[in-house]
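This report concerns only the one structure given below.
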Amino acid sequence: MWEFEAKALNALVFKKMKPILEVQNINVTLHKKEILKNISFQLFEHDVFMVIGPNGSGKTTMIKAVMNTMSHTGNVFLHGKNIKTLSRLNLAKKIGVLMQKHEAFFSYSVKDVVAMGRYPHTKGFFKALDETDHHAIQYALDITNTKDIAHRSIIHLSGGELQRVFLAQVIAQEPDILILDEPTNNLDLQFQIALFDIIKKWASKENHAVIAIVHDLNLVFSYGTNAMILKNGEVFSKGKVNDVLSRETLNAVYDVDIYTWMENLLRKWNLSQ
């Protein structure tokens with residue numbers, strides 16, 4: 001009896017500790033220049049893994065390598081399978097990507113745009129959506145708070161609304177991992193908060209995890225579970241957010257005393273009250 005319970009407990013712990021994504025020694029060279037050098041990290045269930053670093057440190061290149069859209073050495077394992085063995089379609093069923101900016105050129109409705117996220121699961125663009133598709137679309141509209149604007153044209157939306165719609169499109173893919181490349185750039189503060197509230201809620205679901213490239217350290221502190229800092233194409237630091245975003249590390253990476261700057265800013269806010 002006790003032996004059976006111990007085995008069951010060990011199996012549960014192993015399941016929870018096994019990474020959803022494992023990146024091993026990724027290197028990227030372009031025009032004989034090393035862009036990324038030995039990038040390694042693991043992504044676990046419920047992680048909101050924040051990737052930060054100065055401009056040109058290799059953050060977006062890393063995402064392209066992880067998605068196997070850029071030539072690289074090293075390996076990326078998704079649920080234990082090397083992504084190089086997965087077709088683009090099967091990879092899209094497991095990983096969804098939200099870029100930093102979208103343009104609305106055509107007068108599609110919000111719901112039609114979200115429905116496009118079902119393309120990895122349908123046989124051809126013109127196949128009728130089934131019950132499973134409609135359920136996924138409705139969930140995406142609900143969690144992103146876009147249900148009330150589902151029938152509006154996207155060309156009439158604000159930047160914050162539009163970014164939520166494209167987040168809903170990615171969520172409708174039903175991926176296990178969301179990869180976000182500076183998703184809140186050019187958004188007002190309230191839209192940044194709203195977007196990351198949604199992302200955090202989505203990541204809390206079973207078998208979900210997030211990788212987010214961001215510049216705003218406030219978002220990292222507020223929403224991140226783990227973080228990684230890149231500098232000159234290498235991992236400068238990684239681990240729990242509070243450990244990674246230490247005064248000494250930030251000073252070394254950004255060549256400025258960010259802590260003091262933020263403390264002074266907070267003091268000004270307090271004095272204005």
Side-chain angles (χ1 to χ4, degrees), residues 13 15-26 36-63 66 98 100 167 176-185 187 189-271 273:
V13 170
K15 175 184 179 296
K16 288 191 174 182
M17 292 303 295
K18 192 174 181 181
I20 296 176
L21 187 79
E22 187 167 10
V23 176
Q24 297 179 349
N25 301 317
I26 291 295
L36 292 181
K37 308 167 192 175
N38 295 321
I39 304 298
S40 298
F41 65 89
Q42 293 179 320
L43 186 71
F44 293 89
E45 184 180 51
H46 307 315
D47 270 351
V48 179
F49 186 77
M50 298 294 205
V51 181
I52 59 177
N55 289 334
S57 58
K59 301 183 295 294
T60 298
T61 299
M62 184 200 74
I63 293 303
V66 167
L98 180 69
Q100 59 181 283
L167 176 59
D176 295 337
I177 298 170
L178 283 181
I179 294 180
L180 314 168
D181 189 357
E182 300 183 23
T184 57
N185 266 19
L187 294 185
L189 181 59
Q190 71 269 30
F191 291 122
Q192 294 182 35
I193 294 170
L195 198 72
F196 266 95
D197 281 346
I198 294 164
I199 290 162
K200 186 76 171 180
K201 181 178 180 181
W202 182 88
S204 70
K205 304 297 182 182
E206 184 179 3
N207 212 36
H208 284 180
V210 173
I211 300 173
I213 294 175
V214 297
H215 278 294
D216 191 333
L217 299 181
N218 293 305
L219 293 174
V220 181
F221 273 120
S222 298
Y223 295 98
T225 55
N226 296 283
M228 179 171 71
I229 300 181
L230 298 183
K231 184 177 183 180
N232 298 325
E234 298 182 87
V235 176
F236 191 91
S237 180
K238 64 182 175 182
K240 294 296 182 183
V241 167
N242 287 341
D243 295 331
V244 172
L245 270 63
S246 68
R247 183 190 296 268
E248 294 76 15
T249 298
L250 293 178
N251 288 355
V253 171
Y254 292 99
D255 298 320
V256 65
D257 191 346
I258 292 177
Y259 261 75
T260 298
W261 184 86
M262 295 183 76
E263 286 169 350
N264 289 337
L265 183 63
L266 180 59
R267 192 175 297 113
K268 288 182 180 181
W269 276 107
N270 289 334
L271 290 173
Q273 301 304 310

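Numbering starts at 1 and runs along the sequence shown.
Scanning both residues, Ile52 and Val214, for their nearest heavy atoms gives CG2-O, 3.4 Å. Minimum interatomic distance between Asp47 and Phe44 (heavy atoms only, all atoms of both residues): OD2-N, 2.9 Å. Nearest heavy atoms, Ala252 versus Phe236: CB-CZ, 3.7 Å. For Ser237 against Thr249, the heavy-atom pair with the smallest separation is CB-CG2, 4.1 Å. Across Ala227 and Val244, no two heavy atoms sit closer than the pair O-CG2, 3.6 Å. Across all non-hydrogen atoms, the minimal contact from Leu219 to Gln192 is CD1-OE1, 3.9 Å.
Counting only heavy atoms from C-beta outward, the side chains of Pro183 and Leu195 approach each other to under 4.5 Å. Arg247 is listed as a side-chain neighbour of Thr260, based on a closest heavy-atom distance under 4.5 Å. The shortest distance between side-chain heavy atoms of Leu21 and Ile211 falls below 4.5 Å. Val256 is not listed as a side-chain neighbour of Asn251, based on a closest heavy-atom distance of 4.5 Å or more. Between Asn25 and Ser40 there is a side-chain heavy-atom pair separated by less than 4.5 Å. Side chains of Ile179 and Val66 form a contact here, defined as non-hydrogen atoms less than 4.5 Å apart. Two residues are said to be in side-chain contact when any heavy atoms from C-beta on lie closer than 4.5 Å; Leu178 and Trp202 meet this criterion. Taking 4.5 Å as the limit, every side-chain heavy atom of His46 sits out of range of all side-chain heavy atoms of Thr225.
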>> Could you walk me through whether Val241 and Phe221 satisfy the side chain to side chain contact (heavy atoms under 4.5 Å, CB included) test, starting with their C-alpha distance in whole Å, then the side-chain angles of each, then the deciding distance to 0.1 Å, before giving a yes or no?
In response: CA-CA 7 Å; Val241 167; Phe221 273 120; 3.9 Å; yes
>> Show, in sequence, the C-alpha distance, side-chain angles and deciding distance for Ile198 and Leu167, and conclude whether the side chain to side chain contact (heavy atoms under 4.5 Å, CB included) test is met.
In response: CA-CA 9 Å; Ile198 294 164; Leu167 176 59; 3.7 Å; yes
>> Evaluate Ile39 against Met228 for side chain to side chain contact (heavy atoms under 4.5 Å, CB included), listing each step before the verdict.
In response: CA-CA 10 Å; Ile39 304 298; Met228 179 171 71; 4.3 Å; yes
>> With side chain to side chain contact (heavy atoms under 4.5 Å, CB included) as the criterion, how do His215 and Asn55 come out once you've worked through the C-alpha distance, each side chain's angles and the decisive distance to 0.1 Å?
In response: CA-CA 9 Å; His215 278 294; Asn55 289 334; 3.2 Å; yes
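Between the OG atom in Ser246 and the CD1 atom in Ile229 there is a gap of 7.5 Å [rounded to 0.5 Å]. Atom NZ of Lys59 is separated from atom CG of Leu36 by 11.0 Å, given to the nearest 0.5 angstrom. Atom CG of residue Leu98 and atom CD1 of residue Ile213 lie 11.5 Å apart, to the nearest 0.5 angstrom. Note that CG of Leu265 and CE of Met262 are 7.5 Å apart. Values are rounded to the nearest 0.5 Å. Atom CG of Leu43 and atom CG of Asn226 lie 8.5 Å apart (nearest 0.5 Å). Within the model, atoms CG of Leu271 and CG of Leu266 stand 9.5 Å from one another, a figure rounded to the nearest 0.5 Å.
Listed by chain and residue number, Phe49 satisfy the ring pair (Phe, Tyr, Trp, His ring centres under 6.0 Å) test with Phe41 (two or more places apart in sequence, or in another chain). Under the ring pair (Phe, Tyr, Trp, His ring centres under 6.0 Å) criterion, Phe196 pairs with Tyr223, not counting sequence neighbours.
By the 6.0 Å contact criterion, CG on Asn232 is open, its count of non-hydrogen atoms from other residues, nucleotides or ligands being 12 or less.
Inspection of the Arg267 and Asn270 side chains reveals no N or O donor paired with an N or O acceptor under 3.5 Å.
Screening Lys18, Lys238, Glu22 for a side chain to side chain donor-acceptor pair (under 3.5 Å) involving Gln42 leaves a single residue, Glu22.
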